[in-house]
Amino acid sequence: MKNKEIAELFERMADILQLKEENAFKINAYRKASRIIRDLSQNIEQLSQAGTLRDIPGVGEGIAKKIREYLETGRISKYEQIRQSLPEGLLEMMTIPGMGPKTVVLVHKALGISSVAQLEKGVKQGRLRDLPGMGPKKEENILRGIALLRQSAKRIPLGVAIPIVDEIVEQIKGRIKVGTILPAGSLRRMKETIGDIDILVAGGDGRRIIGVFTKMPQVQEILAAGATKGSVIVHGGIQVDLRVVPQASHGAALQYFTGSKAHNIHLREIAKAKGMKISEYGVFRGKRKIGGRKEEEIYAALSLDWIPPEMREDRGEIALAARGKLPRLVREKEIRGDLHVHSNWSDGSDTIEQVALAARERGYQYVAICDHSQSLKFAGGLSEKRILKQIEEIHQLNEKLSTITLLAGTEVDIKIDGTLDFPDEILEKLDVVVAAIHSGFKQPEEQITRRLLSALQNPHVDILAHPTGRLISSRPPYRVNLEKLFAKAAQTGTALEINAYYDRLDLNDIQCRRAAEMGVKLSIGTDAHHSDQLWMMRLGVAVARRGWLEKGNLLNTLSLQKLRRYLPNS
DNA sequence: GCCGTTTTCGGCCCGACTGTTTTCAGTCG
């Protein structure tokens with residue numbers, strides 16, 4: 001998919017135009033188009049061929065023409081042209097926190113500075129001091145910004161942020177009376193990675209609550225501590241902001257701090273068109289406040305249904321809310337079992353029985369034991385003999401256990417040539433066959449796609465695990481043609497996995513939404529290697545919700561009885 | 001550059017904070 005490439009080009013064009021002090025609204029138009037194209041679930045090449053580029057919101061004649069040019073020639077001449085007019089380094093200077101386009105242009109024009117290194121030197125030599133609007137504080141801030149940029153504050157995976165927040169919320173609740181306390185920001189939207197953690201408290205004594213917050217044992221550094229806002233760094237270098245607002249504006253503040261920015265801007269545009277105004281303090285008609293205590297009031301004022309936080313990305317949810325057509329997103333309590341869990345028979349750490357008991361504790365009806373197959377030596381893959389023995393043990397355990405059913409499964413490796421690591425005679429004895437790629441990540445797109453399609457073609461394969469192979473913190477996805485994969489999965493009835501392991505989340509939100517649109521069934525599996533990891537189902541459900549999925553899109557919302565009807569072997 | 005039951009031209013989200021200002025510009029979320 002060229003979506004990402006094109007989105008990045010438009011983003012870069014916006015940056016350059018900003019340095020050239022072009023019309024701010026034109027710049028905004030490029031940024032908006034960039035964001036929407038990046039979030040698009042459809043392949044932009046197909047839209048272009050179908051002649052429907054102009055149907056994409058934010059894409060008009062000018063941008064559509066540039067997209068077509070890129071698809072045909074691999075470049076955008078306007079981009080090439082404006083890029084030449086500026087030194088490369090200016091764009092990097094803009095990424096320094098606190099440095100905006102005005103300052104970058106100022107130092108470039110006045111002092112000929114055109115890189116971060118030159119800027120640092122210039123500040124230290126005091127060359128910036130006499131420029132208009134400059135002073136000692138600004139100099140200090142620029143140096144601090146450069147240092148910050150070099151540390152490159154990275155985003156943390158959602159699955160790392162959630163336990164941190166849960167812990168903080170528990171501590172505050174345990175020590176002081178608060179009205180309500182909820183995470184906001186990208187964490188409330190359950191985005192796959194989080195920058196800063198935002199927590200919102202409504203009601204209570206602000207100064208005292210923030211006092212408690214800044215004195216928590218995990219706090220390493222206090223950045224700010226006032227009556228309404230506290231800001232700290234906790235272990236791991238993660239910044240956590242806590243805000244205290246009065247109950248009367250809780251809904252408005254929660255809405256505002258939850259975002260996303262694009263979603264909020266869209267809402268404010270609608271409000272403005274209706275003669276209203278939205279801010280973090282409430283909804284206003286003229287000077288009169290017409291809502292803000294509850295989040296629903298903000299949406300209701302605009303004649304919108306309340307939109308679940310996971311959908312607030314301005315990807316079309318506002319239009320659906322206006323028509324009362326929001327999907328009924330799947331909920332965690334609708335999940336009836338986990339279809340991808342490891343035991344100590346391969347590289348997991350718990351016995352099968354321990355896994356079963358932990359799954360029962362979560363209220364599941366079933367859990368599938370899917371250990372690795374024989375080729376995966378480093379992960380303790382099971383030989384044919386061992387897996388037959390494992391199947392036997394699972395059957396015996398099922399005799400013993402009540403109220404939870406173990407499904408005998410495998411995570412069978414899709415080998416380099418596309419064949420499976422167990423013969424059909426083994427696979428047909430299993431309740432659930434999960435297939436996955438663990439090698440040859442660098443193969444060309446055609447080859448990887450062929451491997452995956454041939455796995456889908458095998459009638460014993462029920463689920464394709466982590467379909468893109470990406471690791472959030474360390475590995476890009478392998479090259480796979482997802483459109484072809486989704487079409488084939490829809491045809492064969494093979495489910496695609498939303499792998500809920502915190503560093504995978506694979507398929508991601510946009511991909512699983514597209515798969516569902518194409519008629520593919522999805523299955524959420526935690527890939528847990530320890531019972532303590534079964535909670536990550538929450539992350540998988542979050543991905544599904546961000547992908548607008550309903551209960552009916554998912555395999556493991558089925559009761560055991562219905563699941564068995566769906567899985568031919570079991 | 002995009003967009004339209006307030007417009008095909010004239011709009012385009014809202015507020016806080018900072019540091020430099022003497023009434024405001026720049027940056028951020």
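We name chains A, B, ... by the order of the sequence lines, and we start the count at 1 in each one.
- Nucleotides B/dG15 and B/dG10 place their C1' atoms 25 Å apart, quoted to the nearest Å.
- Rounded to the nearest Å, the gap between the P atom of B/dT22 and that of B/dC28 is 24 Å.
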Next item on the list: Assign a letter to each nucleotide of nucleotides 17-25 of chain B from its 5' end: B, base within under 4.0 Å of a protein heavy atom; S, sugar-phosphate only; -, no contact.
Entry: --SS-----
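- Comment: A/Arg83 engages A/Glu80 in a salt bridge, judged by a side-chain N to carboxylate O separation of less than 4.0 angstrom.
- Among the heavy atoms of the strands lying under 4.0 Å from A/Lys272 are primed sugar atoms or P, OP1, OP2 only; no base atom is included.
- When the P atom of B/dC2 is taken as reference, atom CG of A/Asp55 falls 14 Å away, rounded to whole Å.
- Distance CD1 (A/Ile142) to C1' (B/dG26): 12 Å, rounded to an integer number of Å.
- Checked for salt-bridge contact, A/Arg514 and A/Glu483 meet the test: a charged N lies under 4.0 Å from a carboxylate O.
- At a threshold of 4.0 Å, the pair A/Glu69-A/Lys66 does not count as salt-bridged, since none of the basic side-chain nitrogens sits closer than that to a carboxylate oxygen.
- Between A/Lys277 and B/dG15 there is a side-chain N or O to OP1 or OP2 distance below 4.0 Å.
- Using a 4.0 Å cut-off on heavy atoms, the residues of residues 14-37 of chain A that approach DNA chain B are A/Asn23, A/Phe25, A/Lys26, A/Ala29, A/Tyr30, listed by number.
- Residue A/Ile278 is in sugar-phosphate contact alone, with no base atom involved, counting any heavy-atom pair closer than 4.0 Å across all strands shown.
- Rounded to an integer number of Å, the gap from A/Glu313 CD to B/dG29 P is 17 Å.
- Side-chain atoms of A/Arg155 come within 3.5 Å of backbone atoms of A/Thr193 as a donor-acceptor pair (strictly under, hydrogens ignored).
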Donor-acceptor contacts, no H, no angles, side chain residues 312-329 of chain A, under 3.5 Å, sequence neighbours left out:
unit_1: A/Arg312; atom_1: NE; unit_2: A/Tyr299; atom_2: OH; d: 3.1
unit_1: A/Arg312; atom_1: NE; unit_2: A/Ile307; atom_2: O; d: 2.9
unit_1: A/Arg312; atom_1: NH1; unit_2: A/Glu295; atom_2: OE2; d: 2.9
unit_1: A/Arg312; atom_1: NH2; unit_2: A/Glu295; atom_2: OE1; d: 3.0
unit_1: A/Arg312; atom_1: NH2; unit_2: A/Glu295; atom_2: OE2; d: 3.4
unit_1: A/Arg312; atom_1: NH2; unit_2: A/Ile307; atom_2: O; d: 2.8
unit_1: A/Glu313; atom_1: OE2; unit_2: A/Arg189; atom_2: NE; d: 2.9
unit_1: A/Glu313; atom_1: OE2; unit_2: A/Arg546; atom_2: NH1; d: 3.0
unit_1: A/Glu313; atom_1: OE2; unit_2: A/Arg546; atom_2: NH2; d: 3.2
unit_1: A/Asp314; atom_1: OD1; unit_2: A/His266; atom_2: ND1; d: 2.7
unit_1: A/Asp314; atom_1: OD2; unit_2: A/Arg35; atom_2: NH2; d: 2.9
unit_1: A/Arg315; atom_1: NE; unit_2: A/Asp39; atom_2: OD2; d: 3.2
unit_1: A/Arg315; atom_1: NH1; unit_2: A/Asp509; atom_2: OD2; d: 3.2
unit_1: A/Glu317; atom_1: OE1; unit_2: A/Asp314; atom_2: N; d: 3.3
unit_1: A/Glu317; atom_1: OE1; unit_2: A/Arg315; atom_2: N; d: 2.6
unit_1: A/Glu317; atom_1: OE2; unit_2: A/His263; atom_2: ND1; d: 2.8
unit_1: A/Glu317; atom_1: OE2; unit_2: A/Glu313; atom_2: N; d: 3.2
unit_1: A/Glu317; atom_1: OE2; unit_2: A/Asp314; atom_2: N; d: 2.6
unit_1: A/Arg328; atom_1: NH1; unit_2: A/Glu334; atom_2: OE2; d: 3.2

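- The separation of B/dC2 from B/dT6, taken at their P atoms, amounts to 23 Å, rounded to a whole angstrom.
- Of the candidates B/dC12, B/dT27, B/dG29, the closest approach to any side-chain atom of A/Glu269 belongs to B/dC12.
- The gap from the P atom of B/dG11 to that of B/dA16 amounts to 26 Å, rounded to the nearest Å.
- Between A/Glu61 and A/Asn264, the residue anchored nearer the 5' end of DNA chain B, judged by the nucleotide with its closest heavy atom, is A/Glu61.
- As rounded to whole Å, 13 Å separates atom P of B/dA16 from atom NZ of A/Lys229.
- Side-chain nitrogen and oxygen atoms of A/Tyr281 include at least one within less than 4.0 Å of the OP1 or OP2 phosphate oxygen of B/dA16.
- Separation of atoms CD1 (A/Ile278) and CD (A/Glu269) is listed at 10.5 Å; rounding is to 0.5 Å.
- Rounded to a whole angstrom, the distance from the P atom of B/dG1 to that of B/dT5 is 23 Å.
- Separation of the P atoms belonging to B/dT20 and B/dC14 is 29 Å when rounded to the nearest angstrom.
- Base orientation of B/dT7: syn (glycosidic angle within 90° of 0).
- To the nearest 0.5 angstrom, A/Leu71 atom CG is 5.0 Å from A/Ser48 atom OG.
- The separation between A/Leu267 atom CG and B/dG29 atom C1' is 16 Å, rounded to whole Å.
- A salt bridge is absent between A/Lys65 and A/Glu72: the closest approach of a Lys/Arg side-chain nitrogen to an acidic carboxylate oxygen does not fall below 4.0 angstrom.
- Within 6.0 Å of the NZ atom in A/Lys294, the count of heavy atoms belonging to other residues, nucleotides or ligands does not exceed 12.
- The interatomic distance linking A/Arg54 (CZ) with B/dC2 (P) rounds to 7 Å, in whole Å.
- Look at CD on A/Glu280: it is 12 Å from P on B/dC14, rounded to the nearest Å.
- Contacts of A/Ile265 with the nucleic acid, taken as non-hydrogen atoms under 4.0 Å apart, include base atoms.
- A/Arg243 has no carboxylate O lying under 4.0 Å from a charged side-chain N of A/Glu280, or vice versa, which leaves the two without a salt bridge.
- Between B/dT23 and B/dT18, the distance separating the two P atoms is 22 Å to the nearest Å.
- Looking at heavy-atom distances under 4.0 Å, A/Lys65 makes no contact with the nucleic acid at all.
- B/dT8 and B/dG4 are spaced 13 Å apart, taking the P atom of each and rounding to whole Å.
- A/Lys124 and A/Glu120 are joined by a salt bridge, as a carboxylate oxygen and a charged side-chain nitrogen come within less than 4.0 angstrom of each other.
- Rounding to whole angstrom units, NZ of residue A/Lys274 and P of B/dT6 are separated by 9 Å.
- Using Watson-Crick or G-U wobble geometry with both donor-acceptor distances under 3.5 Å, B/dT8 finds no partner in any strand shown.
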